[in-house]
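Written below as structure tokens is the structure these notes are about.
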Amino acid sequence: MPRLPFTTWYGHLLTIRTPLPMTNAPRGLVLHISDGVMGKNKVPQIPNLQGLAATFNSTNFPAHFGIDAQGQIGQFIDLSKQDRATERGTEWFSVECCCFRGMALTDSQLTAAGFLFALLRQTFQSFDLQRADSVAGNGLAYHSLFLTDQERGNPKKHWGCPGAIVIAQRSQIIERAQSIFG
């Protein structure tokens with residue numbers, strides 16, 4: 001299945017090389033944040049989904065999905081491909097939420113993330129609607145969970161992604177996912 005229903009395709013905006021095929025059943029969804037881009041006047045702006053595509057092109061670490069502050073879900077990578085956003089998580093889908101570091105996801109983002117998580121679960125049935133608190137688990141994980149001990153604290157490795165507030169919001173995302181499909 002290359003594209004997930006109910007998402008807007010943004011993959012055509014990527015200019016980076018195509019990720020490798022996903023070789024195993026997906027183990028869940030990994031939360032990330034994109035904490036803004038600097039505008040022309042050096043004013044931080046919350047990125048939109050097109051801005052996420054530009055970020056992915058500049059870093060070569062795309063996520064499968066993005067969710068903007070209004071809850072719109074964009075898809076950037078074919079579901080049969082690995083993303084590079086988790087660096088070592090080759091059996092996971094990733095979602096990049098448009099959010100500044102230290103801030104909470106909007107209510108619309110929580111609902112959209114819950115819907116996305118539930119839809120992926122119903123489509124693939126290879127993971128549970130639960131928290132993943134280790135890389136060996138399955139369910140709803142977060143980016144910094146995939147870092148090695150040596151990488152923790154290195155700002156280039158996104159050691160705090162998506163941040164304590166968003167990590168704590170996983171329970172709300174799971175509750176919304178469970179209310180959608182049970």
From [X] [atom1] over to [Y] [atom2], what is the distance, rounded to the nearest 0.5 angstrom?
X	Y	atom1	atom2	value
Thr55	Phe61	OG1	CZ	13.5 Å
Leu20	Thr90	CG	OG1	9.0 Å
Thr7	Leu119	OG1	CG	8.5 Å
Ser80	Met22	OG	CE	8.5 Å
Arg3	Asp78	CZ	CG	8.0 Å
Glu175	Leu129	CD	CG	12.0 Å

Within the structure provided, determine whether [X] and [Y] are in side-chain contact (heavy-atom separation under 4.5 Å).
X	Y	result
Pro62	Ile16	yes
Leu140	Arg121	no
Leu14	Phe56	yes
Asn138	Gln130	yes
Ser108	Gln72	no
Ile73	Phe6	no

*Transitively linked via ILVMFWY side-chain contacts under 4.5 Å: Val95 with Trp9?*
no
_Single-linkage hydrophobic cluster, 4.5 Å side-chain cutoff, Ile173 and Ile165 together_ = no
With a 3.5 Å distance limit and no angle check, can you tell me whether [X] reaches the backbone of [Y] through a side-chain donor-acceptor pair?
X	Y	value
Glu96	Ser34	yes
Gln169	Ala104	no
Ser126	Pro26	yes
Gln75	Leu4	yes
Arg27	Ala136	yes
Asp68	Asn48	no
Glu91	Ala25	no

Could you report the tightest heavy-atom contact between [X] and [Y], atom names first, then the distance?
X	Y	result
His32	Pro162	C-CB, 4.1 Å
Phe127	Gly28	CD2-N, 3.5 Å
Asn57	Leu13	ND2-O, 3.0 Å
Ala132	Trp92	CB-CH2, 3.8 Å
Leu52	Cys98	CD1-SG, 3.9 Å
Cys161	Tyr142	O-CD1, 4.2 Å

*Parallel, tilted or perpendicular: which describes the rings of Phe93 and Phe65, with under 30° parallel and over 60° perpendicular?*
perpendicular
*From CA spacing to verdict: side-chain contact (heavy atoms from CB on, under 4.5 Å), Arg170, Asp133*: CA-CA 11 Å; Arg170 287 187 303 157; Asp133 291 319; 2.7 Å; yes
